[in-house]
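Residue numbers start from 1 in every chain, and the chains themselves are labelled A, B, ... in the order their sequence lines are given, proteins ahead of strands.
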Amino acid sequence: MHVYIDKITNEHVDKEITIKGWLYNKRSSGKIHFLELRDGTGLIQAIAGITDVGEEIFEEIKKITQESSVIVTGKVSKHPKKENFYELVATKVELVSLAQEYPISKKEHGPDFLLDNRHLWLRSKRQMAIMRIRHTIVKACRDFFDNRGYTLFDSPILTGNACEGTTTLFETDYFGQPAYLSQSGQLYGEAGAFALGKIYVFGPTFRAEKSKTRRHLTEFWMIEPEVAYLELEGIMELAEDFLSYLVERVLDKNKVELEIIERDFKKLEGIAPPFPRISYTEAVEILRKEGINFEWGGDFGAPDETIISGKFDKPVMVHRFPTEIKAFYMKRDPKNEKVVLGVDVLAPEGYGEIIGGAQREDNLDFLLERIEEHKLPREIFEWYLDLRKYGSVPHGGFGMGLERAVTWICGLQHLRETIPFPRMLQRLYP
RNA sequence: UCUUCGGUAGCUCAGUUGGUCAGAGCGGGUGACUGUUAAUCACUAGGUCGUAGGUUCAAAUCCUACCCGGAGAGCCA
């Protein structure tokens with residue numbers, strides 16, 4: 001009977017089962033082989049003693065290389081040394097395909113080599129754990145919004161306009177006219193919110209910035225809720241509820257994986273609303289108290305963000321940024337024209353910005369003014385301006401970089417480990 | 001684009017003031033071992049020292065240029 005490793009329970013003890021998978025590692029000791037098997041759901045050690053399998057099979061096992069695909073049948077027993085661990089006393093070992101010399105050894109490798117072999121690196125314990133946590137987070141993102149009555153609203157990936165006009169986009173040819181890969185689904189999301197009330201966009205986004213840091217990918221996934229009649233306070237409440245929910249779900253589903261990647265999950269256990277809220281101006285004061293000569297009006301660099309977020313053990317929400325440094329669509333604060341009703345959420349432990357959000361400019365004339373200030377071509381925004389002509393309402397939302405959230409929750413050093421095949425400045429392979 | 005660090009065996013790296021400096025561990029191969037957990041032990045095969053010039057009696061080592069990569073800045077999620 002074929003059983004997946006993670007489904008083995010006490011009920012299987014002393015019963016014969018079959019595992020279909022790959023040889024993860026092998027240790028031999030004269031007349032006994034220890035075969036560490038993986039099948040995608042977990043790892044189990046099979047024992048093949050010469051007296052159990054016979055001399056012929058025993059000799060065959062000697063030849064099986066790391067990552068060869070195998071089907072192993074045997075009787076389930078409890079591990080003699082470890083509690084809650086099962087073993088398989090093998091009776092039959094069938095070789096499906098003998099693997100050639102496997103490039104990834106048990107010792108350490110450099111990042112470049114591992115990324116060249118990403119298609120194989122994904123088979124390692126650590127990478128499998130990260131992929132499972134990523135999956136939990138993606139599922140939690142969807143569940144969070146689905147449970148609150150949001151509608152999934154897919155924005156186009158090919159667009160004719162450079163959305164925010166700030167970042168560099170990937171250009172492609174669209175039947176003779178230039179088209180760009182989407183850098184954000186937000187503007188389309190606003191149209192969705194005016195139709196469906198509460199929506200979220202969840203898809204890949206593309207940025208052709210020549211960013212060579214461990215916080216950047218050229219292709220990454222972003223989840224962007226957009227809500228009609230939601231103002232800045234509500235956006236911040238939504239963001240803190242959302243992030244708390246993601247953390248809670250990972251703590252609930254992935255304790256084993258967090259242990260594999262050696263995440264100190266005590267640092268995650270306190271993540272719950274309310275999150276601290278500080279204004280941009282207050283953040284500048286924090287920097288100045290630290291002796292940094294920071295002028296009001298500038299944007300925070302990564303080291304600045306680390307200092308600010310270091311003051312809190314929860315994500316901190318920095319709101320009301322200077323108008324000049326933020327995108328054209330952000331609504332100016334009616335009480336202070338110099339700032340916009342935007343918010344950045346900075347993750348703890350120096351992980352930086354994981355969410356950027358704002359209340360949107362809902363007044364047609366003000367929006368036109370801002371488009372002019374930013375020297376953006378009005379024509380391509382006509383449809384967007386229509387939203388302000390036909391029943392405009394206060395509204396807003398935010399975008400969360402999925403990989404940045406995974407990086408923070410997993411406590412990783414590199415964003416590139418959080419996506420199956422990372423796309424970076426120097427990496428399009430594999 | 002700028003700053004900075006690096007490129008030596010399949011992989012991770014060591015290599016001192018230029019002179020037995022072509023090395024180790026892992027992985028591969030051969031052998032030993034019935035409770036191993038990156039198993040261990042013995043033996044063994046692997047290299048145009050990123051590329052091209054230059055200095056020198058002598059270059060992995062010093063100089064110049066170039067190529068490739070990492071980290072960071074800017075920009076952002």
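Taking atom P in both B:rA42 and B:rC26, one finds a spacing of 9 Å when rounded to whole Å. B:rG7 and B:rU48 have their C1' atoms separated by 15 Å, with the value rounded to a whole Å. Using atom P as the reference point in both B:rG54 and B:rA59, the two lie 12 Å apart (nearest Å). Distance check on atom P: B:rG10 versus B:rG47 gives 8 Å, rounded to whole Å. With P as the reference atom, B:rA71 and B:rA24 are 32 Å apart, rounded to whole Å. Comparing the C1' positions of B:rC49 and B:rG6 gives an interatomic distance of 14 Å, to the nearest angstrom. For the C1' atoms, the distance linking B:rU3 with B:rA77 amounts to 25 Å, nearest Å. One P atom belongs to B:rU12, the other to B:rC2, and the distance between them is 28 Å to the nearest Å.
Closest to the side chain of A:F113, from the set B:rA77, B:rA73, B:rC11, is B:rC11. Candidate nucleotides B:rU36, B:rG74, B:rC76 were compared by shortest atom distance to the side chain of A:R404, and B:rC76 ranks first. With B:rU36, B:rA71, B:rC76 as the choices, the nucleotide that has an atom nearest any side-chain atom of A:R214 turns out to be B:rA71. Closest contact between the side chain of A:I32 and the listed nucleotides B:rC75, B:rU36, B:rU34 involves B:rU34. Here the side chain of A:E353 is nearest to one of B:rG35, B:rG72, B:rA77, namely B:rA77. Distances from the side chain of A:F34 to the nucleotides B:rC76, B:rU34, B:rG35 place B:rG35 closest.
B:rU55 makes up no base pair with any nucleotide shown, lacking Watson-Crick or G-U wobble contacts both under 3.5 Å. Applying the Watson-Crick and G-U wobble criteria (two distances, each under 3.5 Å), B:rC2 pairs with B:rG72. Of the nucleotides present, none pairs with B:rC33 by Watson-Crick or G-U wobble criteria with both distances under 3.5 Å. Summarising the base pairing, B:rG46 is matched to no nucleotide, lacking a Watson-Crick or G-U wobble pair whose two defining distances lie under 3.5 Å. Applying the Watson-Crick and G-U wobble criteria (two distances, each under 3.5 Å), B:rC26 pairs with B:rG10.
Judged by distance alone, the side chains of A:Y245 and A:D143 never bring a donor and an acceptor atom under 3.5 Å apart. A:Y86 and A:N10 are linked by a side-chain donor-acceptor pair at a separation below 3.5 angstrom, with hydrogens and angles left out of the test. No hydrogens or angles considered: nothing links the side chains of A:Q45 and A:E36 as a donor-acceptor pair under 3.5 Å. With 3.5 Å as the limit, one finds no donor-acceptor pair spanning the side chains of A:T73 and A:T91. Using modelled atom types, one finds no donor on one side chain facing an acceptor on the other under 3.5 Å when comparing A:H216 with A:E209. Judged by distance alone, the side chains of A:Q359 and A:R332 never bring a donor and an acceptor atom under 3.5 Å apart.
Separating the CD atom of A:E36 from the C1' atom of B:rG35 is a distance of 14 Å, rounded to the nearest angstrom.
Checking the phosphate oxygens (OP1, OP2) of B:rG10, no side-chain nitrogen or oxygen of A:H109 falls inside 4.0 Å. Considering only side-chain N and O atoms, A:R215 lies nowhere under 4.0 angstrom from the phosphate OP1 or OP2 of B:rG74. Contact annotation: A:R27 side-chain N/O to B:rC41 OP1/OP2 distance is not under 4.0 Å.
Counting all heavy atoms, side chain and backbone alike, A:L23 lies closest to A:V70 at N-CG2, 4.1 Å.
Between A:I355 and A:H414, it is A:H414 whose nearest contact on RNA chain B lies nearer the 5' terminus. When each of A:A302 and A:R427 is assigned the nucleotide of RNA chain B bearing its nearest heavy atom, the one mapping closer to the 5' terminus is A:R427.
Among the protein residues, A:M222 comes within range of the sugar-phosphate backbone only, with heavy atoms under 4.0 Å from sugar or phosphate atoms but none that close to a base. No engagement by A:Q413 is indicated, since no non-hydrogen atom pair under 4.0 Å with the nucleic acid exists. Within the nucleic acid shown, A:T205 has no heavy atom closer than 4.0 Å to any nucleic acid atom. Among the protein residues, A:G301 comes within range of the sugar-phosphate backbone only, with heavy atoms under 4.0 Å from sugar or phosphate atoms but none that close to a base. As judged by a 4.0 angstrom heavy-atom cut-off over every strand, A:L217 is placed among the base-contacting residues. Note on A:D299: only backbone sugar-phosphate atoms sit closer than 4.0 angstrom, heavy atoms only; bases stay farther off. Using a 4.0 Å heavy-atom cutoff across all strands shown, A:G49 reaches no nucleic acid atom at all. Using a 4.0 Å heavy-atom criterion, one finds that A:H33 contacts no nucleic acid atom at all.
One distance of note links CG of A:L88 with CD1 of A:I8; it measures 7.0 Å at 0.5 Å rounding.
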Donor-acceptor pairs under 3.5 Å, side chain of residues 296-308 of chain A to any protein atom, not counting sequence neighbours: which ones?
| unit_1 | atom_1 | unit_2 | atom_2 | d |
| --- | --- | --- | --- | --- |
| A:W296 | NE1 | A:T281 | OG1 | 3.0 |
| A:D304 | OD2 | A:G301 | N | 2.8 |
| A:T306 | OG1 | A:A302 | O | 3.0 |

A:Y188/A:W383 under ring-ring contact (aromatic ring centres under 6.0 Å, His included): CA gap, chis, key distance, verdict: CA-CA 10 Å; A:Y188 296 102; A:W383 68 268; 4.8 Å; yes
Trace of the ring-ring contact (aromatic ring centres under 6.0 Å, His included) decision for A:Y329 with A:Y384: CA-CA 10 Å; A:Y329 53 72; A:Y384 186 66; 7.4 Å; no
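Under the 4.0 Å criterion applied to side-chain N and carboxylate O atoms, A:K198 and A:E226 are not assigned as salt-bridge partners.
In this model, no side-chain donor or acceptor of A:Q100 finds a partner on the base of B:rG10 within 3.5 Å.
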For nucleotides 31-33 of chain B, list the nitrogen or oxygen atoms of the protein found under 3.5 Å from its nitrogen or oxygen atoms, one pair per line.
| unit_1 | atom_1 | unit_2 | atom_2 | d |
| --- | --- | --- | --- | --- |
| B:rC33 | N3 | A:G30 | N | 3.1 |
| B:rC33 | N4 | A:G30 | N | 3.4 |

Distances for protein N/O vs nucleotides 26-30 of chain B N/O pairs under 3.5 angstrom?
none

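The glycosidic torsion of B:rG46 lies within 90° of 0, placing the base in the syn range.
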